[in-house]
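Proteins come first, then strands; the chains are lettered A, B, ... in the order of their sequence lines, and each starts at number 1. Computed over heavy atoms, backbone and side chain alike; hydrogens, waters and symmetry mates excluded.
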2 protein chains.
Amino acid sequence: MQKATIHHIAEKLKITASTVSRALNDHPRISDATKKLVQKTAQELNYQPNNIASALRNGKSYLIGVIVPTADRSFFASVVRGIEEIANNIKYKVIICQSYDIFEKEVLTVDALLAARVDGIIASIGKNTDTFAHFNRAIMEGIPLVLFDRTTDQLEVSQVVIDDHLGAYQVVEHLIQQGCRRIAHFTSPKKVSVFKERYRGYVDALHAYNIPFDEELVVASNLQLEDGRRSMEQLLTLKNRPDAVFSSSDYGAMGAMQVLKEHKIAIPGDIALAGFSNEPFTSFTDPPLTTVDQFSIYMGNITAELFFEQLKATKNFKPQKTVLKPALIVRESSMKRK
Amino acid sequence: MQKATIHHIAEKLKITASTVSRALNDHPRISDATKKLVQKTAQELNYQPNNIASALRNGKSYLIGVIVPTADRSFFASVVRGIEEIANNIKYKVIICQSYDIFEKEVLTVDALLAARVDGIIASIGKNTDTFAHFNRAIMEGIPLVLFDRTTDQLEVSQVVIDDHLGAYQVVEHLIQQGCRRIAHFTSPKKVSVFKERYRGYVDALHAYNIPFDEELVVASNLQLEDGRRSMEQLLTLKNRPDAVFSSSDYGAMGAMQVLKEHKIAIPGDIALAGFSNEPFTSFTDPPLTTVDQFSIYMGNITAELFFEQLKATKNFKPQKTVLKPALIVRESSMKRK
DNA sequence: TAACATAAAACAATCGATTGCACAAAGTTA
DNA sequence: TAACTTTGTGCAATCGATTGTTTTATGTTA
């Protein structure tokens with residue numbers, strides 16, 4: 001059974017396809033009578049416009065590509081959800097692609113999206129990405145690009161980030177207020193701005209409270225669970241142990257928590273603990289983990305709105321940077337003072 | 001700057017677009033010399049085929065729609081990853097859509113995918129779905145449909161599931177071997193086969209070991225964290241409390257764990273605990289949660305392979321049902337005997 | 001070398017929707 | 001009533017790739 005086209009409608013009404021097309025698109029030069037007739041017939045024939053055909057004609061696909069390192073991290077999944085909410089409202093569909101933090105895969109993905117003729121790309125950059133030619137390729141083809149969370153200033157594009165500096169600052173300030181003085185920090189060696197910013201927030205908070213910065217308390221790793229374990233073990237070998245750990249990722253903090261428990265070190269009694277991202281599991285841990293919420297769905301909304309603004313803008317659009325405020329979530333893992 | 005088309009290549013080489021097209025598609029009637037020349041020129045002009053145009057011509061979009069209740073559950077995210085692995089290998093792109101377990105949203109999504117002219121749909125049915133007209137619409141349009149995990153026998157389509165009965169049976173058998181005799185079960189009131197199957201596995205294991213079935217030990221809910229909490233509180237009001245809880249979802253088990261801790265009830269000492277799905281957080285809980293792994297990435301692979309098999313099959317394809325074996329993962333929450 | 005086979009490439013239609021332009025009918029104005 | 005405007009449709013080209021059907025070279029055979 002064939003799907004109905006505007007030609008079928010036209011034939012049935014003894015008019016031309018162009019009239020049908022105009023009628024369906026509410027063109028002012030078509031009489032109301034014809035419009036109604038066409039709409040009615042379209043219904044009868046269960047007509048559904050062929051997006052492919054119109055995509056070809058007007059060079060739009062109504063598809064946007066979203067690239068995330070991994071979609072099974074709650075943060076990214078929620079941002080994607082936020083993007084979808086906005087996109088679906090205006091007939092756009094979202095293609096989700098995962099780079100798995102692998103640079104080559106990210107490059108391939110960008111190229112695949114360009115080949116698929118997406119109308120634009122929203123991306124969060126992989127941890128191992130430090131050259132951006134693939135994204136520049138998209139920009140040069142006139143494909144709008146908006147980055148969120150894991151962004152870079154090496155590209156002239158709009159970006160939406162949270163104030164990682166502030167989030168980290170608040171965590172460290174909170175730890176200090178709980179009486180901690182030797183606060184360790186798990187960070188990433190990668191040139192990803194979010195981690196650099198959190199590191200800055202950590203350092204600045206220490207300064208602000210006149211707490212000496214001690215390089216041996218900063219451990220760089222990939223910030224996964226196992227990394228957190230290793231980093232914590234390393235810290236425990238120090239003569240002068242920390243009394244708190246602020247990890248740039250919840251997974252890293254989780255690894256630390258496991259190690260501390262294995263060593264029968266009290267949390268937060270001996271060592272307080274805080275993570276970053278408010279992954280869902282953080283409220284399930286024992287003790288529940290202090291962390292920073294990033295309002296991820298909202299971030300997705302904002303990112304999508306910025307994206308579509310740029311998509312509509314005909315001329316050269318000035319890249320915008322939106323900075324969202326994070327929220328410190330205090331849970332037991334850091335509550336030394338009840 | 002315009003993107004190169006086959007016409008640009010043709011013009012440059014003083015041949016026609018059809019020759020270029022055939023050369024690029026390695027048509028036997030084109031001389032090797034021409035083929036090489038065309039390929040070289042294509043490279044030079046950085047030609048990328050316009051998928052939209054070829055989609056229109058041969059009625060294929062190279063897009064497949066994947067509908068999941070939510071993409072931020074590790075199980076679904078991993079299945080999607082498994083699907084993507086296969087799909088991307090053969091130039092297909094995956095559109096991920098979330099139904100959020102809302103029936104209306106699921107219907108809209110199916111229709112949107114049909115309108116987007118996807119080449120097929122892979123779906124896991126929402127919890128609240130009990131009529132299937134929307135999926136039948138896809139089938140009638142000749143769009144291949146494959147279901148995974150949350151499936152139904154009311155549709156004549158291929159499906160990939162794990163043996164939920166076996167998984168549940170193994171959990172309950174394990175609990176019995178640990179000495180538990182009053183094993184409670186959290187299930188869903190919904191007509192979702194996975195939960196029905198797990199319930200059957202629970203009942204059958206009890207039977208097999210001559211343990212009486214007690215209706216008051218079975219609690220139906222939505223199986224989220226809060227539901228698990230409520231269900232556990234309810235069980236604790238019984239005169240004759242259970243000595244184990246097997247929840248059909250890890251989140252439900254997590255809720256139970258929180259309540260038990262609040263009541264200072266030892267896990268697994270007083271009450272053993274087991275979930276289902278092997279969500280990542282289950283290894284982070286204290287104690288780590290016994291659960292069932294579903295080999296989700298593999299499930300995605302299998303699902304995609306079945307899907308593409310069906311897509312290639314020209315004639316009426318006989319729906320197949322693939323059943324995968326799950327794996328019991330024993331952790332401390334159920335280890336009464338060390 | 002005429003007749004025919006084969007290889008290589010051109011021609012033209014097609015997929016379905018869109019749109020600039022042409023054109024006819026109806027309405028308006030002087 | 002001639003001249004012009006407005007309104008409603010039709011015509012035909014277009015987007016880029018694909019493909020059945022010629023057409024044009026080239027090669028082979030008798």
Side-chain angles (χ1 to χ4, degrees), chain A residues 1-39 41-42 45-63 91 114-119 141-143, chain B residues 1-42 45-63 91 114-119 141-142:
Chain A
M1 204 185 76
Q2 267 266 263
K3 285 204 87 166
T5 70
I6 51 171
H7 296 280
H8 296 121
I9 300 177
E11 195 177 14
K12 188 159 184 183
L13 295 177
K14 310 269 183 225
I15 56 178
T16 57
S18 36
T19 303
V20 174
S21 172
R22 290 194 173 96
L24 291 172
N25 291 314
D26 205 26
H27 188 105
R29 296 285 284 273
I30 300 291
S31 68
D32 284 352
T34 312
K35 280 181 188 168
K36 276 190 190 128
L37 208 55
V38 167
Q39 275 153 11
T41 313
L45 298 181
N46 187 29
Y47 168 77
Q48 283 184 291
N50 186 326
N51 292 337
I52 306 274
S54 62
L56 176 60
R57 178 61 222 248
N58 40 239
K60 281 183 176 188
S61 63
Y62 291 98
L63 292 173
K91 301 291 171 206
L114 292 179
R117 295 297 206 277
V118 293
D119 290 347
E141 289 194 17
I143 302 294
Chain B
M1 205 185 76
Q2 268 267 264
K3 284 203 86 165
T5 71
I6 50 171
H7 297 280
H8 295 122
I9 300 177
E11 195 176 13
K12 188 158 183 183
L13 295 175
K14 309 274 182 219
I15 56 179
T16 57
S18 39
T19 303
V20 174
S21 171
R22 289 195 171 96
L24 291 171
N25 291 313
D26 204 26
H27 189 104
R29 296 286 284 275
I30 300 292
S31 66
D32 284 352
T34 314
K35 279 181 191 168
K36 278 191 189 125
L37 209 56
V38 168
Q39 276 153 11
K40 186 162 150 282
T41 313
L45 297 181
N46 187 27
Y47 168 77
Q48 283 185 291
N50 185 324
N51 292 337
I52 307 273
S54 62
L56 176 61
R57 177 62 222 246
N58 38 237
K60 280 183 175 187
S61 63
Y62 291 97
L63 292 174
K91 301 291 169 204
L114 292 179
R117 296 296 208 276
V118 293
D119 289 347
E141 288 195 16

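Residue A/A4 comes nearest to A/L45 through the heavy atom pair CB-O, 3.6 Å, listed as atom of the first residue, atom of the second, then distance. Across all their heavy atoms, A/Q48 and B/E141 have their closest contact at OE1-OE2, 3.8 Å.
Judged purely by atom type and a 3.5 angstrom limit, B/K35 uses its side chain to pair as donor or acceptor with the backbone of B/H27. Within the 3.5 Å criterion, the main-chain N or O of A/Y62 finds a donor-acceptor partner in the side chain of A/D119. A donor-acceptor pair under 3.5 Å is absent between the side-chain atoms of A/S61 and the main chain of A/A55, judged by distance alone.
Candidate nucleotides D/dT9, D/dT18, D/dG10 were compared by shortest atom distance to the side chain of A/R29, and D/dT9 ranks first.
Each of B/R22 and B/R117 has a nearest nucleotide on DNA chain C; the 5'-most of these lies closest to B/R22.
Within 4.0 Å (heavy atoms only), B/I6 reaches at least one base atom of the nucleic acid. Using a 4.0 Å heavy-atom criterion, one finds that B/K35 contacts no nucleic acid atom at all.
One finds the NZ atom of A/K36 at 14.5 Å from the CD1 atom of A/I30 (value rounded to the nearest 0.5 Å). Here A/Y47 contributes atom OH and A/T41 contributes atom OG1; the two are 12.5 Å apart, rounded to the nearest 0.5 Å.
In terms of phosphate contacts, A/S21 brings a side-chain nitrogen or oxygen within less than 4.0 Å of OP1 or OP2 of C/dT18. Between A/T34 and D/dT9 there is a side-chain polar atom (N or O) within less than 4.0 angstrom of OP1 or OP2. A/T19 has no side-chain polar atom (N or O) that falls below the 4.0 Å cut-off from OP1 or OP2 of D/dT9. Applying the 4.0 Å criterion to OP1 and OP2 of C/dA17, one finds that A/N25 has every side-chain N and O outside that range.
A donor and an acceptor atom, one from each side chain of B/S31 and B/T34, are located under 3.5 Å apart.
In this structure, A/H7 atom NE2 and D/dA12 atom P are separated by 14 Å, rounded to whole Å. Rounding to whole angstrom units, NE2 of residue A/H27 and C1' of C/dC21 are separated by 12 Å. Nucleotide D/dT9 holds its C1' atom 16 Å from the CD1 atom of A/I9, rounded to whole Å. One can place NZ of B/K91 at 17 Å from C1' of D/dA17, the figure rounded to the nearest angstrom. Look at CD1 on B/I15: it is 13 Å from P on D/dA17, rounded to the nearest Å. Regarding A/E11, its CD atom lies at a distance of 14 Å from the P atom of D/dG10, rounded to whole Å. For the pair B/L24 CG and C/dA9 P, the interatomic distance rounds to 13 Å; values are reported in whole Å. We find that NZ of B/K14 is positioned 19 Å from C1' of D/dT24, with the value rounded to whole Å.
The base of C/dC15 lies outside donor-acceptor range of the side chain of A/T5, with no N or O pair under 3.5 Å. For D/dC11, its base never sits under 3.5 Å from the side chain of A/T16 at any donor and acceptor pair.
Looking at residues 47-61 of chain A, you'll see A/L56, A/R57 sit with a heavy atom under 4.0 Å from some atom of DNA chain D.
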